[in-house]
> 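Got a structure here, written out as structure tokens. Questions coming.
Throughout, residue positions are numbered sequentially from 1 according to the sequence presented. As a basis for the values below, the full set of heavy atoms in this structure was taken, side chains included, without hydrogen atoms, waters or symmetry mates.
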Amino acid sequence: MTEVVLVCGREGEFRRVSASGHASFAARGKDIVCAAETVLLRTALEVLQKSPELEVSFDAGKRGHLSFQASGNSKERLCCVADFLREGLGELSKEYPGNISFREESEN
């Protein structure tokens with residue numbers, strides 16, 4: 001199972017996300033849940049990295065793990081990325097509860 005934790009600020013803005021594990025829905029290279037998770041996370045990372053007003057760092061150092069964080073002066077962009085991940089990963093976890101666990105935390 002992949003465990004994904006999205007951390008947002010007080011106003012719903014993206015702070016960081018971490019995904020680890022394997023969906024184990026199907027064989028390697030044929031796992032639609034893994035592919036969906038990967039597309040959502042990599043798209044969010046790309047959007048953040050292409051935003052010049054944001055500072056982004058990420059870690060994909062080992063197979064089955066991706067985490068990234070962002071900060072900066074684009075609250076709208078950060079809120080939009082949080083919404084994108086919340087909706088996409090939330091719906092995926094509802095449809096495939098045995099393969100992906102998704103939760104959101106608030107940063108104090």
Side-chain angles (χ1 to χ4, degrees):
M1 175 178 290
T2 305
E3 294 185 22
V4 182
V5 179
L6 171 65
V7 179
C8 294
R10 292 181 185 199
E11 297 180 52
E13 71 276 16
F14 176 88
R15 294 286 192 221
R16 64 186 173 277
V17 68
S18 176
S20 59
H22 296 282
S24 301
F25 178 80
R28 184 175 172 185
K30 297 180 181 186
D31 194 324
I32 62 171
V33 178
C34 180
E37 296 167 357
T38 300
V39 167
L40 290 166
L41 290 164
R42 286 187 178 179
T43 299
L45 178 57
E46 286 293 319
V47 166
L48 292 168
Q49 287 179 319
K50 290 180 180 178
S51 302
E53 65 279 5
L54 297 176
E55 292 183 30
V56 179
S57 62
F58 71 94
D59 176 17
K62 62 181 180 175
R63 187 165 179 76
H65 175 79
L66 174 62
S67 63
F68 53 94
Q69 59 187 4
S71 61
N73 295 323
S74 184
K75 187 174 136 189
E76 286 183 25
R77 176 66 52 114
L78 293 169
C79 285
C80 184
V81 167
D83 289 344
F84 173 79
L85 290 173
R86 184 181 301 113
E87 292 300 318
L89 294 167
E91 289 301 314
L92 193 60
S93 70
K94 287 177 189 173
E95 191 167 344
Y96 298 96
N99 306 98
I100 176 173
S101 166
F102 172 73
R103 77 175 189 274
E104 182 176 349
E105 298 177 356
S106 294
E107 184 177 76
N108 294 328

> May I ask whether Ile100 and Met1 are part of the same hydrophobic cluster, defined by side-chain heavy atoms of I, L, V, M, F, W, Y residues being less than 4.5 angstrom apart, directly or through others?
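In one cluster with Ile100: Met1, no.
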> Side-chain contact test, heavy atoms from C-beta onward, threshold under 4.5 Å: evaluate it for His22 versus Arg28 and give yes or no.
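Not in contact.
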> Looking at every non-hydrogen atom in both residues, tell me the closest pair between Ala70 and Val56 and how far apart they are.
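Reported closest heavy-atom pair: CB-CG2, 4.0 Å.
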> Using only heavy-atom distances, determine whether the side chains of Ser20 and Glu3 contain a donor-acceptor pair under 3.5 Å.
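Per modelled atom types, Ser20 and Glu3 side chains form no pair under 3.5 Å.
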> Is it true that a side-chain atom of Asp31 and a backbone atom of Phe25 form a donor plus acceptor pair closer than 3.5 Å?
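Yes, the answer is positive, given that a donor and an acceptor are paired below the 3.5 Å cut-off.
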> Do Phe14 and Leu48 make a side-chain contact, defined as non-hydrogen atoms from C-beta onward lying under 4.5 Å apart?
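The answer is yes; the side chains approach within 4.5 Å.
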> Is it the case that more than 12 heavy atoms not belonging to Phe84 sit under 6.0 Å from its CZ atom?
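Yes.
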> Do you know which two heavy atoms are closest between Gly12 and Arg86, and how far apart they sit?
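Heavy-atom minimum between the residues: O-NH2, 3.7 Å.
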> Within the distance-only criterion (no hydrogens, no angle test), does the side chain of Thr2 pair as donor or acceptor with the backbone N or O of Ala23 below 3.5 angstrom?
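A pair under 3.5 Å: yes.
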> Nearest 0.5 Å, please: how far is CD in Glu76 from CD in Glu13?
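Between Glu13 CD and Glu76 CD, I get 12.0 Å after rounding to 0.5 Å.
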> Around atom CD of Gln49, are there more than 12 heavy atoms of other residues, nucleotides or ligands at under 6.0 Å?
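Counting neighbours around CD of Gln49, more than 12 heavy atoms of other residues, nucleotides or ligands fall under 6.0 Å, so yes.
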> Val5: which other cluster members, linking ILVMFWY side chains closer than 4.5 Å, directly or transitively?
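Members besides Val5, by chain and number: Val7.
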> If you take all heavy atoms of Val4 and Ala19, which pair is closest and at what distance?
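The answer is CG2-CB, 3.9 Å.
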> Verify side-chain contact (heavy atoms from CB on, under 4.5 Å) between His65 and Ser18, making sure each step is shown before the conclusion.
CA-CA 8 Å; His65 175 79; Ser18 176; 3.8 Å; yes
> Are Leu92 and Ile32 grouped together when hydrophobic residues (ILVMFWY) are joined by side-chain heavy atoms under 4.5 angstrom apart?
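Both belong to a single hydrophobic cluster.
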> If you measure from CD on Glu37 to CG on Asn99, what distance do you get to the nearest 0.5 Å?
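The CG atom of Asn99 is 8.0 Å from CD of Glu37, to the nearest 0.5 Å.
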> Should the heavy atoms of other residues, nucleotides or ligands under 6.0 Å from CD of Glu53 be counted, would the total exceed 12?
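Yes, CD of Glu53 has more than 12 neighbouring heavy atoms, counting only those of other groups under 6.0 Å.
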> Starting from the C-alpha separation in whole Å, work towards a yes-or-no answer on side-chain contact (heavy atoms from CB on, under 4.5 Å) for Leu85 and Phe102.
CA-CA 10 Å; Leu85 290 173; Phe102 172 73; 5.7 Å; no
> Would you mind reporting whether Leu89 and Leu6 have side-chain heavy atoms less than 4.5 Å apart?
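In short, these two side chains do not touch, never coming nearer than 4.5 Å.
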> Counting only N and O atoms by type, is there a donor-acceptor contact under 3.5 Å from the side chain of Thr43 to the main-chain atoms of Leu40?
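No; judged by distance alone, with no hydrogens or angles, the pair does not exist.
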